[in-house]
Amino acid sequence: MSRSHSWMTPLASSRRGPFCRILLAALPLMVVIGFSPTARAEEAPAFTDSLFQAPEPLKSVDSVLAVKVGDPMPDFDLPTIDGGRVRLSDFVGKKKLVLSFVPAAWTPVCSGQWPGYNIARELFAAENAELVGISVDNVPSLHAWVTQMGGLWFPVASDFWPHGGLTGKLGILRPEGVAERALFIVDEKGIIRYIDVHDINSRPDLGVLLTALRGIKD
Amino acid sequence: MKRTMWAFVLAVMVLWPGLARAGGASEAAGSEALPVGATFPDVSLGSDLPDAHRSYLGIAQKDGPVRLADVTAPVVILEIFSMYCPHCQREAPVLNDLYALLERGGHADTVKMLGIGAGNSAMEVDIYRNKFQTPYPLVADQKFEVHDACGKVGTPYFYVLAKKPGETAYTVVLSRLGRMDSPESFAADVLAAAP
């Protein structure tokens, strides 16, 4: 009896505090959940579950291109999620530039597109090309989203303010204020050489993009 | 006793994120995985398997299109993956270790590995294969036909399939979403589940 009393008293004492009591009370549940196969398989879906799912497919393309292949790329100077900036002038005369516009952070197709580019860094480098990801989300939102995805090797820029400044110049700003899912390749002279304004509901084939990139010669 | 209790609490708190991460996966909406005991559909493996992979699967003599039923191995570890899935990317080296482990353990002739790239084009599968130097066959499933046939599962998803001599269709003997704890434990589970 006395042993039981001495066991219970410290747990109930103010020295342990309510947090400790709650923690100890929750411990069995944490252990059960932590070791259950279901929980183990569904850890990552915490990210998946946080994504916004449109109630129905969107109109595949809902804007009118304002540029065409052969046009000069409009100038831009955008903030990036690492606190820097990305400018057209960073690349002209030096490297090809691949711009990947996605409609919105925290959405399923976009979240399943850029992680694939994460294993293709060498393939872009082999073509003397740099990749830049762009959306019209603001920097903090993009930062949180990319961090949650596990990070990306390429710069991610925000075309948030003036809202859709670059996106609008290119003619890929949709009426609801988001970018199309679009890919542009700009050559070393600053000329647009490839445009794919893709169905917003589906992910473009990275193989098609790389084939196009490899096909661009001076 | 109190010290033991608190040590346990701290151990759980420290290990908790690692324990959870071990099962990383990308969920798929509306997935209905095939359960253990189900007959696995005779899915197409396409026409593009190179000779080395046809030989690995025991169908070196077969030209043209290949179906799963053509494979003669008694056990197949079939992974549904996507080159876009970060969990699958992280799992790739582990699967290479599993492949090597099966070889070292003398199971290379009886337990085969096969990957299905859900929604991936042939070129996207090549990017994944080249990046991770995957030694076993990977098949592109750009139109999600195989993925649909086997339950629209999240990735990575592992089906362990088995069939007895004379049988054509494979039966699911293990069905599991998410990254494995280790190649050793997964290999043990495979060998325990396969008849």
Side-chain angles (χ1 to χ4, degrees), chain A residues 3 6-7 9-11 16 20 23-49 51 53 108-124 148-152 202-211 214, chain B residues 1-2 5-6 8-13 15-29 31 33 82-90 92 117-132 140 142 144 153-158 175-181 189:
Chain A
R3 288 184 63 184
S6 65
W7 159 247
T9 301
L11 283 177
R16 293 292 187 268
C20 295
L23 184 63
L24 283 172
L27 189 58
L29 183 62
M30 290 171 70
V31 171
V32 168
I33 292 174
F35 283 93
S36 84
T38 303
R40 295 166 71 79
E42 292 181 352
E43 176 272 333
F47 173 61
T48 308
D49 291 344
L51 302 180
Q53 183 71 55
V109 180
C110 303
S111 301
Q113 181 176 340
W114 285 351
Y117 299 174
N118 250 358
I119 60 171
R121 183 174 193 168
E122 298 86 351
L123 303 177
F124 286 97
Q148 194 67 29
M149 281 196 287
L152 299 166
S202 68
R203 185 181 58 217
D205 183 343
L206 178 56
V208 172
L209 174 65
L210 289 170
T211 300
R214 288 167 183 162
Chain B
M1 182 64 186
K2 280 184 284 184
M5 182 85 179
W6 281 109
F8 183 61
V9 169
L10 287 172
V12 169
M13 291 175 71
L15 290 173
W16 187 263
L19 288 170
R21 269 200 304 274
S26 294
E27 279 276 312
S31 66
S82 168
M83 68 86 74
Y84 290 91
C85 159
H87 305 290
C88 303
Q89 294 168 4
R90 287 193 280 272
N120 294 169
S121 67
M123 197 165 170
E124 288 172 331
V125 167
D126 280 345
I127 292 168
Y128 178 95
R129 178 189 294 113
N130 293 333
K131 177 71 179 180
F132 299 111
Q142 188 164 18
F144 293 98
V153 291
T155 54
Y157 201 96
F158 296 98
S175 178
R176 181 180 293 176
L177 172 67
R179 298 190 60 198
M180 58 187 68
D181 293 335
D189 290 347

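The figures that follow rest on heavy atoms only: side chains count, while hydrogens, waters and symmetry mates do not. Residue numbering restarts at 1 for every chain, and letters A, B, ... go by the order of the sequence lines.
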Heavy-atom check, side chain of B:Asn130 versus side chain of A:Glu122, under 4.5 Å: no
Flag, side chain of B:Gln89 to backbone of A:Pro115, donor-acceptor distance under 3.5 Å: yes
Among B:Cys88, B:Ser121, B:Ala122, residue most engaged with chain A (heavy-atom pairs, under 4.5 Å): B:Ser121
Side chain to side chain contact (heavy atoms under 4.5 Å, CB included) between A:Arg203 and B:Asn120, worked out: CA-CA 10 Å; A:Arg203 185 181 58 217; B:Asn120 294 169; 3.8 Å; yes
A:Ser202, part contacting chain B, at a heavy-atom distance under 4.5 Å: neither
Considering all heavy atoms, the nearest B:Pro86-A:Met149 contact: CG-O, 4.3 Å
Nearest atoms (heavy-atom pairs only) where A:Ile119 meets B:Lys131: O-CD, 3.7 Å
For A:Gly116 against B:Tyr84, the heavy-atom pair lying closest together: CA-CD2, 3.4 Å
Point-to-point distance, once rounded to the nearest 0.5 Å, from CG of A:Leu206 to CD1 of B:Ile127: 4.0 Å
Minimum side-chain heavy-atom gap A:Leu210-B:Glu124 below 4.5 Å: no
Interchain contact, B:Tyr128 with chain A, by part (heavy-atom threshold 4.5 Å): both
